[in-house]
Amino acid sequence: QVQLVESGGGLVQAGGSLRLSCAASGLRLSSYTMGWFRQAPGKEREFVAAITRWWSSGNSYYIDSVKGRFIISRDNAKNTVYLQMNSLKPEDTAVYYCAADLGDSIATIPTSYDYWGQGTQVTVSP
């Protein structure tokens with residue numbers, strides 16, 4: 001059974017940092033492109049960042065609003081993907097989800113991803 005479990009969310013003041021983790025079981029993360037999405041109340045799920053499979057050199061991609069602040073990384077030995085979030089802003093407040101995509105290219109559309117975690121809440125206070 002495939003499971004993705006996010007952790008690391010919480011409440012932080014603007015300008016602070018959080019590191020989200022996504023631990024996988026039942027699949028080998030190195031074989032998947034891994035993405036992070038977020039969903040704020042009343043809004044659609046939004047692509048945040050993704051990192052390609054290990055044999056694609058682990059290239060990373062970000063939406064413009066988080067470039068220079070967020071870093072996606074993976075530890076294949078731990079079967080875990082991370083999202084380091086720095087200089088957080090109130091508009092980053094959302095539930096953050098990790099997702100796994102067996103496809104061949106980076107996808108920013110949620111329906112392209114095959115497996116999802118349950119999400120972790122990130123709240124940034126002004």
Side-chain angles (χ1 to χ4, degrees):
Q1 182 181 359
V2 174
Q3 276 194 315
L4 300 177
V5 179
E6 301 97 334
S7 61
L11 173 63
V12 64
Q13 287 188 328
S17 298
L18 286 173
R19 188 177 80 155
L20 306 183
S21 300
C22 172
S25 59
L27 60 80
R28 185 176 298 180
L29 284 187
S30 59
S31 298
Y32 290 77
T33 289
M34 296 301 298
W36 284 97
F37 288 75
R38 65 187 180 188
Q39 189 166 19
K43 294 188 177 182
E44 293 186 350
R45 193 164 296 190
E46 175 188 41
F47 171 81
V48 176
I51 187 167
T52 56
R53 290 174 278 196
W54 69 269
W55 60 79
S56 299
S57 301
N59 293 323
S60 55
Y61 300 85
Y62 304 89
I63 55 170
D64 287 345
S65 61
V66 307
K67 283 181 181 177
R69 299 189 297 124
F70 290 11
I71 301 171
I72 187 171
S73 62
R74 67 196 311 157
D75 185 332
N76 292 332
K78 294 183 177 180
N79 217 28
T80 300
V81 173
Y82 304 97
L83 186 68
Q84 177 67 43
M85 306 187 296
N86 301 319
S87 302
L88 282 162
K89 304 176 181 179
E91 50 263 44
D92 294 319
T93 295
V95 177
Y96 283 71
Y97 300 88
C98 71
D101 175 18
L102 196 54
D104 294 332
S105 58
I106 288 288
T108 61
I109 301 172
T111 53
S112 297
Y113 286 76
D114 302 290
Y115 301 103
W116 289 85
Q118 83 290 346
T120 185
Q121 177 70 48
V122 171
T123 303
V124 184
S125 63

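Values below: all heavy atoms of this structure, side chains included; hydrogens, waters and symmetry mates excluded. Note that the structure is predicted; figures quoted are calculated from it, not measured.
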- [ ] For R38, enumerate each residue passing the salt bridge (charged side-chain N to carboxylate O under 4.0 Å, His left out) test, keeping only those at least two apart in sequence or located in another chain.
- [x] E46, D92
Task: Residues in side-chain contact (heavy atoms from CB on, under 4.5 Å) contact with S87, at least two apart in sequence or another chain - done: R69
- [ ] Go through the structure and list residues passing side-chain hydrogen bond (donor to acceptor under 3.5 Å, both in side chains) with Q3, not counting sequence neighbours.
- [x] none
Task: Partner set under side-chain hydrogen bond (donor to acceptor under 3.5 Å, both in side chains) for S17, not counting sequence neighbours - done: N86
Task: Listed partners of Y96 passing ring-ring contact (aromatic ring centres under 6.0 Å, His included), at least two apart - done: none
TODO: Hey, could you give me each pair passing disulfide bond (SG atoms under 2.5 Å apart) that has a residue in residues 12-53? Not counting sequence neighbours.
DONE: C22-C98
- [ ] Name all residues meeting the side-chain contact (heavy atoms from CB on, under 4.5 Å) criterion together with T108; count only those two or more places apart in sequence or in a different chain, and write none if there are none.
- [x] F47
- [ ] Not counting sequence neighbours, which residues clear ring-ring contact (aromatic ring centres under 6.0 Å, His included) with Y82? List them please.
- [x] none
Task: Set of residues satisfying side-chain contact (heavy atoms from CB on, under 4.5 Å) with respect to V5, sequence neighbours excluded - done: Q118
Task: By salt bridge (charged side-chain N to carboxylate O under 4.0 Å, His left out) - contacts of K67 (at least two apart) - done: D64
Open item on the list: Holding to side-chain contact (heavy atoms from CB on, under 4.5 Å), I want the full list of residues that pass it with A24, two or more places apart in sequence or in another chain.
Closed with: L4, L27, L29, N79
Open item on the list: Listing request: all side-chain hydrogen bond (donor to acceptor under 3.5 Å, both in side chains) pairs with a residue in residues 18-29, at least two apart in sequence or in separate chains.
Closed with: none
